[in-house]
Amino acid sequence: MLFVSGAADPIVTTEEARRLGRPYARAELLVIPQAGRLQTMAMDRELYRGTVLEFLDRSLTTQEGHPDR
């Protein structure tokens, strides 16, 4: 599970995103500096896109390198 947090989000803070991810052993957190509520992709499109694509690649591939079906 990938959580994406804006460091300046006053509603779901980065600490709250961390707390939400704690129950999930493989949870990951991407924090976009200076991003407010719903601004994460707009503030750093390259970082957002790269992190999400890498996460999906890892999540959709088994240890053998084949798509998990």
With sequence neighbours left out, the residues meeting side chain to side chain contact (heavy atoms under 4.5 Å, CB included) with L29 are F3, S5, T14, A17, R18, V31

State, with a plain yes or no, whether a side-chain heavy atom of V12 is found less than 4.5 Å away from one of R37. yes

Between Q34 and Q39 the two heavy atoms that sit nearest each other are O-OE1, 4.5 Å

* Verify the cluster assignment for M1 and V52: are they in a single hydrophobic cluster under the rule of side-chain heavy atoms below 4.5 Å apart? => no

**Request:** Determine whether L38 and L47 fall in the same hydrophobic cluster, where Ile, Leu, Val, Met, Phe, Trp and Tyr are linked whenever their side-chain heavy atoms lie under 4.5 Å apart.
**Result:** no

The reported gap from CZ in R45 to OG1 in T40 (rounded to nearest 0.5 angstrom) is 10.5 Å

Taking NZ, NE, NH1 and NH2 as the nitrogens, is one of them in R22 or E15 under 4.0 Å from a carboxylate oxygen of the other? yes

So CZ of R49 and CG of D44: to nearest 0.5 Å the spacing works out to 12.5 Å

With sequence neighbours left out, the residues meeting side chain to side chain contact (heavy atoms under 4.5 Å, CB included) with E28 are L2, F55, R58

Sorted by chain and residue number, the side chain to side chain contact (heavy atoms under 4.5 Å, CB included) partners of A42 (sequence neighbours excluded) come out as none

Quiz item: In terms of heavy-atom contacts, does CE of M43 have more than 12 from other residues, nucleotides or ligands at under 6.0 Å?
Solution: yes

